[in-house]
Structure formats: structure tokens, C-alpha cells
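Below, chain A is the first sequence line, B the second, and so on; all start at residue 1.
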2 protein chains.
Amino acid sequence: MARIVDVAALAGVSTATVSRVLNGKPVRADLEAAVRRAVDELGYSPNRTARSLRRQHSEVLALVLPDIENPFFTSLARGVEDVAQESGLSVVLCNTDEDPDKQEQYLQIAEDENMVGVILAPAGRSPLLARLVERDRAVVIVDRAVPDDVDQVTFDNLELGRRATQSLIDRGYTRIACVTGPEETPTAVARAQAWRETLESAGLPAPDDLLVHANFRVDGGQSAMTELLELSSPPDAVLATNNLVGVGALRVLAATERGDVGLGIIGDLPFVTSSVDNVSLLQLRPREMGLTAARMLVERIRGDAGPARRVVQPTLPVTLGSPGT
Amino acid sequence: MARIVDVAALAGVSTATVSRVLNGKPVRADLEAAVRRAVDELGYSPNRTARSLRRQHSEVLALVLPDIENPFFTSLARGVEDVAQESGLSVVLCNTDEDPDKQEQYLQIAEDENMVGVILAPAGRSPLLARLVERDRAVVIVDRAVPDDVDQVTFDNLELGRRATQSLIDRGYTRIACVTGPEETPTAVARAQAWRETLESAGLPAPDDLLVHANFRVDGGQSAMTELLELSSPPDAVLATNNLVGVGALRVLAATERGDVGLGIIGDLPFVTSSVDNVSLLQLRPREMGLTAARMLVERIRGDAGPARRVVQPTLPVTLGSPGT
DNA sequence: TTGTACGCGTTATCAC
DNA sequence: GTGATAACGCGTACAA
């Protein structure tokens, strides 16, 4: 592989001049031309490892996500990637599997590799995160709020829970259950809390047996839904607080032909195949969240040193039966 | 951040000894203990950029995929990641968007960052790939075969096309259409070719207007399906040669309530919500493909210098109505 | 403006 | 088995 000294030799200049040309610093026109010619001729491109070592940071950002197979997060990743691409950054996608230990590993790697920044959808508390923040590394938190003093892009989960629940109430259901995620997941807890409050405000019952904490995946939604339908006094409608739980719920309803049971879903269903004319859908726009987070990160990288910002994504109105595109 | 010299100083040894301890080379027991104590005390972890520069390769592998939002590829990615994790490697996920230029960019980055290896699902021809192979970099191709002399893990696309088509024939359909991907995508072409051959062997018609080249995404499947249903002599069954096209087709059938139209899908439907009892499904096991590819890559990294291997994933039997888990 | 020379943090070579 | 030191390839003071 050609190195900077080769280019310098061929162009008849010093390595410093080559470096300056490559980094857009002022250089006499004829020398610059000679350098560019040499670069082309050798097919030279700078060794990014050496550059990172010297600059103390790479052109790579870490995107640390709890579940890379969830379309919510891949959409978010797509948004991050598009902004990164524009800004000349590459993205390392890391899958924590909701495991705080894996998360720490990846954050450690991000630091050891001198990555330029981190976008993190946190799974549990992270001591390392606090350290990164303290050292002024560029960090943006997405989806799940943390107490730390960092840039964050989140949803208004209470509002999401309220709107989705209210939509089911408005549609005339009176015994509305809720399937949400694990108690460790703050978004799951907040949405469920909103479900309870909204029902109670409407004078409807919100008994404990109508609230199921499942995992936030398809199988969780399926088993929770099955369980609910088998209650002695089953619900006439169900709120699924994330996309995959919603898929699981839809599957059970399709399999048992219980089209009479109302359904509300917080989240997008990119690959849904059944008709959902009858489902209250609350879209989240994860791609926008990724775009926003990445733009905030890029600003920080560019040197913005303002106080930590907390951006709350606007809550969309509930729609009936328009699945995510 | 603590550096290796700090550890050496605290432990009262040279940096060389610290390095040896960290890399599992023989060191006197008491010195080793001192080093480990110092490492713990300082919370030291080696700077991977410096290590990469010195070793001429990093601990990162590039996984270059055409569409990160397609569950087929995220599943594959998941498989790769699991093996990588075991082997102490991190994965950089790169999305080419089916764009050969982006693909070249990412391969160039992989080289410039001294990444230890590349797993690539190719979009179009790649001159850079040839160079990587020539220089004996660890490379494994997945999903779409290339002529180059590289390790490859692919499907038997002809066999897939045959089995899926035959299943529809066996179910009694006689006018069977095919929705496949772009002509640039070799898997799409091969599966369509098998469709044609299988129909002709069975004495059934395979006219050109029953073969639609769509994009390999949901909207492609939707518009192709709509188009087919509007033909003056429409098909009584349709073969969708990938998962997303299959989703698009299912959506159209659900929306138009054309349950009478037979459907065969090559690929898994992780998030399908409708009942698919009536659909011929041919699962592909992308996760296994990822596992296999990553294992092959790791072997190469470990020094295996044998001739290029071409692994063909076993073709599974067609099933009726068991969506991917 | 240009060139020289050092340093980024680690590993590997070489003497001891 | 251990320690000093020279690389790895680049960017940037500093001197010219």
C-alpha cells in the first residue's frame, strides 16, 4: 500500500505538504497539483489508523442498540447512517441484546478505538457512560432517557400511552388491557403508567391482571395476548406498547379469528401483512429520531460545547389502519 | 487515560513486560501479578488504535450489506455478530443501499482502517474486492455469488426456485406468475430462471408477462402483485422470490381479499401478522449463513491459507404456513 | 509557504 | 525472561 512518503517522493515535496493538501490547508498551486497527480497515480488513500492515532479520534461513530433485529432500531440506524454518510463518518453498529454487560463492553471498545462519538439506546445503567460524558466525549442518548447530563432524543412516553389508550376508549371499548415491556425498560413502564391513568380518568377499570409485562418481542406479545384472552373476564381491547408486541398480538388475533378484540399499537409495523383497518396505530418515526440524534452528535463533534439538550420527538396523532411504509 | 507506560511504572517493570502479560506471553509469575494489579488499579485498557497501527490490522470486521432494513440481512448480521463476539471481534455494519459506489467506499474504508476482514453481500461488480482478494485479505462473500476466487456462502438458487415453483404446481395451480428482483441481482435471476424451467418441465405456460422484475422490497412486491392481478388473464398463483416481495404480495392479497390466489415465498417472514396457512414457504436460515460465513472468516484470520471454499447452504423443504419465528 | 523532526501508544526485535 | 528501542503512518510544532 502506498504511504504518504511515496506520494511525497513522487511529487517531489515533503510529507508535510502532502498532508496539508489532503487536509485542505493552503499550499502553492503547482505543488498542490503535483501532489494530486501523485495521489491519483499511486491510488493513495491515507491510513486511517495512523491518522486516528495522531488525531486522537477516528472518523467512526458507535451506534449501540439493544436489538438490531427490531425494525424500530434498524430504521433508527438507517437515519443515523444517512447523516453520518453526509458528514464523512462511518457507523459501527453494536448489538447489546439488552445486556448491560455487553453494553459496557461496546462502550469500552468505542473508547479504546478512539471513536469520535457514541449514539446509545441504553439498556440499564452504565457507569462507563457517565465517564464518557464527564470526559466530554460526544454522546447522544436515544429512545430511553437517562438521568445523566447528556444530549438526549426521546419520546413523550406518557403522551404516547395516553393517546393510544384514549383512542381505544373513543372507539367504545371499556375493558382495555395493556401489554408492555419489562419493568427495567423505562419506556415500557411510562407507557403502561399512562394507560392506567387514562383509564382511571375515564372512570374505567385498570386492574392488575389486565397489565402484562412481557418481553418487548414478538413471542412476548403472543404469549401475553394468549394469556389475556384466557382470563375469566377477558379484555375487549388491548394496548400493545411497542411494535413487536403488537405483531405478536396481531398474530394471536389472526390465528384465533378474534377480530372483535380491539387493538392499539405504539410503534410502526413495517412488514405487517394483514389488514389493520381496525387497529389504532401510533407511529414513532424512528428514522427521524436517528437523523436528529446524528445531527446533534455531528454538531458536538464540530465543537459545539453548549449545555446538554433534551429533544422530545413530536407525538403524532393516532391513525386507523395505515401501517408504516 | 492510562497508557501502557503508566502501568509499567506502577508495576515497576518495562512496557515490554506489560505488553507480554496482556498478550499472554510467558512472564515471571510475580511480575505478572504486579502488572495485573497495576492494570486493575488504573483501570487500564489498551488503546486499540495504536495496537492496530502496530499490528497492521484491527480487531474489527466489516459486514457490508445491501439493505440493513431487510430482516434477511439483519438476521444474517446477527449470526455474524454472535460468532464475532465469541472470537473477540467487533463488527462494523455498512449499508450499501444496493449502490456499487457506496460499496466501493466502504471496502476502501475497510482497507484504510486495517480491518481484519470483510464479509460482503455484493451489489454489482467490485474492482476493489478483486484487489483485496489478491492481497490475501480475509474476505467472505455471502448470499450472492461472484466469479472471483474467494470464500463464498450462497444458496442453491436454482433449487430454491424449483422447489417453490413445484410446490405451487403440486397444489394444483396452473397459471403461475413470478415476481423477482432486478436483473442485476443474480439470486433474483436464477430463481426466476428456475421458475420458468420448472413450469416448462411440467408442461405449463411461462409467458413473459407473468414474470415481473420488481425491486426486492415491499413496495416492489405490492406494485408487481397489483399489476399481475390486473392482467387480462391473471395468474392463479404467484411465486415471490424474496421475503419483502412476499410481504408486498401478501398485503395486496389481504387488501383485495383474493385469498383464492396461491402464493409461494422464498425467504422468511419474521413479522408477518396474517395467517399463512395457505402459503408455500421456503425458509432460508440467514442466521446460519451469517454463522457459517463468520466462522470461515475467523479461520482465515487465524491463518488458514487453503484454497477458496464455496459453501452452499442446504435447501430446506417447502412448508405450508409456518412463518419464521 | 515549506520542510524537518517529533510524538501519538503499542508491539516486536534485539541484546542482555 | 526481561528491558531498551525502533518501528507502524500520519499530523503538526517549530524552524527556516
### Query
Does the side chain of A:S90 come under 3.5 Å of the side chain of A:E59 through a donor N or O and an acceptor N or O?
no
### Query
With a 4.0 Å cut-off on heavy atoms, is A:V5 in touch with a base, just the backbone sugar-phosphate, or nothing at all?
nothing
### Query
Can you tell me if B:N114 and B:S58 form a side-chain donor-acceptor pair at under 3.5 Å?
no
#### Entry: Residue closer to the 5' end of DNA chain D, B:R54 versus B:A29 (nearest nucleotide)
B:A29
### Query
Between atom CZ in A:R55 and atom C1' in D:dG9, what is the gap in whole Å?
13 Å
### Query
Charged N to carboxylate O under 4.0 angstrom, B:E113 versus B:R48?
no
### Message
Taking only side-chain N and O atoms of A:Q56, does any of them lie within less than 4.0 angstrom of OP1 or OP2 on C:dG9?
### Response
yes
### Task
Pick base, sugar-phosphate or nothing for B:R20, based on heavy-atom distances below 4.0 Å to the nucleic acid.
base
### Query
Of the candidate nucleotides C:dT10, C:dT11, D:dT2, which contains the atom at the shortest distance from the side chain of B:R3?
C:dT10
### Query
Is it true that B:E288 and B:R78 have a side-chain N and a carboxylate O under 4.0 angstrom from each other?
no
### Query
Given C:dT11, is OP1 or OP2 found less than 4.0 Å from the side-chain N or O atoms of B:N23?
yes
### Task
Using whole Å, report how far CD1 of A:I4 lies from C1' of C:dC6.
15 Å
### Query
What integer distance in Å separates A:N114:CG from C:dT10:P?
10 Å
### Message
Rounding to an integer number of Å, can you tell me how far B:L22 CG sits from C:dT10 P?
### Response
9 Å
### Message
Check A:R28 with A:E32, please: is the shortest side-chain N to carboxylate O separation under 4.0 Å?
### Response
no
### Query
If you find the nucleotide of DNA chain D closest to B:L53 and the one closest to B:A16, which residue's nucleotide is nearer the 5' end?
B:A16
### Summary
Testing D:dG9, D:dA4, D:dC10 for proximity to the side chain of A:R51, the answer is D:dC10
### Query
Counting only side-chain N and O atoms of A:Y44, is one of them less than 4.0 Å from OP1 or OP2 of D:dG9?
no
### Query
Given atom CD of A:E113 and atom C1' of C:dG9, what is their separation to the nearest angstrom?
13 Å
### Task
Specify the separation, in whole Å, of atom CG of B:D112 and atom C1' of D:dC8.
15 Å
### Query
Is the phosphate of D:dG1, meaning OP1 or OP2, less than 4.0 Å from a side-chain N or O of B:R28?
no
## Note on the structure
Whole-Å distance, A:R48 CZ to D:dG11 C1', equals 16 Å
### Task
Please determine, for the side chain of B:K25, which listed nucleotide (C:dA12, C:dG9, D:dG3) has the closest atom?
C:dA12
### Task
Measure from the side-chain heavy atoms of B:P26 and tell me the nearest of D:dG9, D:dT2, D:dG1.
D:dG1
### Donor + acceptor pair across side chains of B:E69, A:S75 (<3.5 Å)
yes
### Task
Could you tell me whether B:T17 contacts a base, only the sugar-phosphate backbone, or nothing, with contacts defined as non-hydrogen atoms closer than 4.0 Å?
sugar-phosphate
### Query
In terms of side-chain heavy atoms of B:L31, which of D:dA7, D:dG11, D:dT2 is nearest?
D:dT2
